[in-house]
Amino acid sequence: PKQDPKFSLPALLSQPMLRLLRYPLFLQALKDHTDKDSKERNQLMDTITDVVKVTEYINEVQRITESYAQLFDQLLKESGLAEFGVSVRVSQLQSHMTAMWLNPKGHGLTKTWRKGQGPDIHCFIFNTVLVLLCIDQPTKKR
């Protein structure tokens, strides 16, 4: 018999995450039905703020995983750093940020940048390595 997709391993593993992402809506509904001057309402507001931060973090990690995990694997394989114990798993990501490269001219990039402008650099800090990605995207023709 054909298996129900609701009971596949990926579907079952994602269920707790999906529930967590619904918590802000649930807590907001509770807050809306709580007395405006009550201690519980203030606690709910603090909890909503904290849960929203957690859900934003989860969404950001998911976005990074979908966008960069294959590239991280490719970089690790091509660099040969895996044999030295270097890991670039998203689960070991300590921080992520973007920066602007202010003087990219003459560094092998295909696009010419105006003075004071440059491509965005994505900085990923892992437990054992720092990865800087400059994705040189050609300009779109109008």
Side-chain angles (χ1 to χ4, degrees), residues 1-34 36 38-142:
K2 198 171 185 180
Q3 286 187 333
D4 187 345
K6 292 188 297 189
F7 297 108
S8 69
L9 184 59
L12 291 173
L13 291 175
S14 71
Q15 289 304 315
M17 191 66 64
L18 294 175
R19 274 186 242 127
L20 180 63
L21 296 175
R22 291 185 198 145
Y23 284 1
L25 296 173
F26 172 70
L27 293 170
Q28 185 66 41
L30 281 175
K31 184 190 82 134
D32 292 345
H33 290 87
T34 307
K36 292 188 181 199
S38 70
K39 177 182 172 185
E40 289 82 9
R41 184 181 180 94
N42 291 334
Q43 290 173 335
L44 277 169
M45 290 170 53
D46 291 343
T47 303
I48 290 168
T49 301
D50 293 341
V51 170
V52 165
K53 287 178 187 176
V54 170
T55 58
E56 287 172 350
Y57 174 78
I58 290 168
N59 288 331
E60 179 67 8
V61 169
Q62 182 66 31
R63 188 190 65 75
I64 289 170
T65 300
E66 291 170 358
S67 301
Y68 299 104
Q70 288 181 338
L71 182 58
F72 292 153
D73 291 341
Q74 179 186 349
L75 287 171
L76 193 62
K77 195 180 294 183
E78 289 176 3
S79 69
L81 291 173
E83 59 191 73
F84 297 104
V86 173
S87 174
V88 288
R89 290 190 195 112
V90 175
S91 63
Q92 295 182 346
L93 184 64
Q94 298 297 312
S95 184
H96 167 255
M97 65 202 81
T98 58
M100 183 185 285
W101 188 351
L102 295 177
N103 62 345
K105 191 174 181 179
H107 292 280
L109 298 174
T110 58
K111 182 177 177 179
T112 303
W113 299 90
R114 286 187 248 160
K115 188 174 182 177
Q117 294 184 337
D120 285 337
I121 305 295
H122 294 270
C123 308
F124 299 91
I125 302 171
F126 294 92
N127 290 344
T128 56
V129 69
L130 167 68
V131 176
L132 300 173
L133 294 179
C134 174
I135 301 171
D136 184 25
Q137 299 176 350
T139 57
K140 296 178 183 175
K141 293 184 180 178
R142 296 177 194 197

Undergrad: Describe, in one word, how the ring planes of His122 and His96 are oriented to each other, choosing from parallel (under 30°), tilted (30 to 60°) and perpendicular (over 60°).
TA: parallel
Undergrad: Side-chain contact test, heavy atoms from C-beta onward, threshold under 4.5 Å: evaluate it for Tyr23 versus Val52 and give yes or no.
TA: no
Undergrad: Roughly how far apart are Leu44 CG and Ser38 OG, rounded to 0.5 Å?
TA: 7.5 Å
Undergrad: Do Leu93 and Ile64 have side-chain heavy atoms sitting under 4.5 Å apart?
TA: yes
Undergrad: Compare every heavy atom of Ser79 with every heavy atom of Leu76, then report the nearest pair and how far apart it is.
TA: O-OG, 3.1 Å
Undergrad: Is any side-chain heavy atom of Val86 closer than 4.5 Å to one of Phe126?
TA: no
Undergrad: Show the numbers, then the answer: is there a side-chain hydrogen bond (donor to acceptor under 3.5 Å, both in side chains) between Gln92 and Ser87?
TA: CA-CA 8 Å; Gln92 295 182 346; Ser87 174; 2.9 Å; yes
Undergrad: side-chain contact (heavy atoms from CB on, under 4.5 Å) for Ile121 and Thr98? Distances and angles first, verdict last.
TA: CA-CA 5 Å; Ile121 305 295; Thr98 58; over 6 Å; no
Undergrad: Taking Thr49 for the side chain and Met45 for the main chain, is one N or O donor matched with an acceptor at less than 3.5 Å?
TA: yes
Undergrad: To the nearest 0.5 Å, how far apart are CG in Leu27 and CD in Gln43?
TA: 12.0 Å
Undergrad: Might you work through the side-chain hydrogen bond (donor to acceptor under 3.5 Å, both in side chains) test for Gln70 and Gln74, ending with a clear yes or no?
TA: CA-CA 6 Å; Gln70 288 181 338; Gln74 179 186 349; over 6 Å; no
Undergrad: Do the charged groups of Glu60 and Arg63 touch, with an N to O distance under 4.0 Å?
TA: yes
Undergrad: Enter the distance from Thr128:OG1 to Gln94:CD here, rounded to the nearest 0.5 Å.
TA: 10.0 Å
Undergrad: Is the shortest side-chain heavy-atom distance between Leu75 and Val131 below 4.5 Å?
TA: yes
Undergrad: What I'd like to find out is whether the side chain of Leu30 reaches to under 4.5 Å of the side chain of Glu40, using heavy atoms alone.
TA: no
Undergrad: Show the numbers, then the answer: is there a side-chain contact (heavy atoms from CB on, under 4.5 Å) between Val88 and Val129?
TA: CA-CA 7 Å; Val88 288; Val129 69; 3.6 Å; yes
Undergrad: If you measure from CD on Gln28 to NE2 on His33, what distance do you get to the nearest 0.5 Å?
TA: 11.0 Å
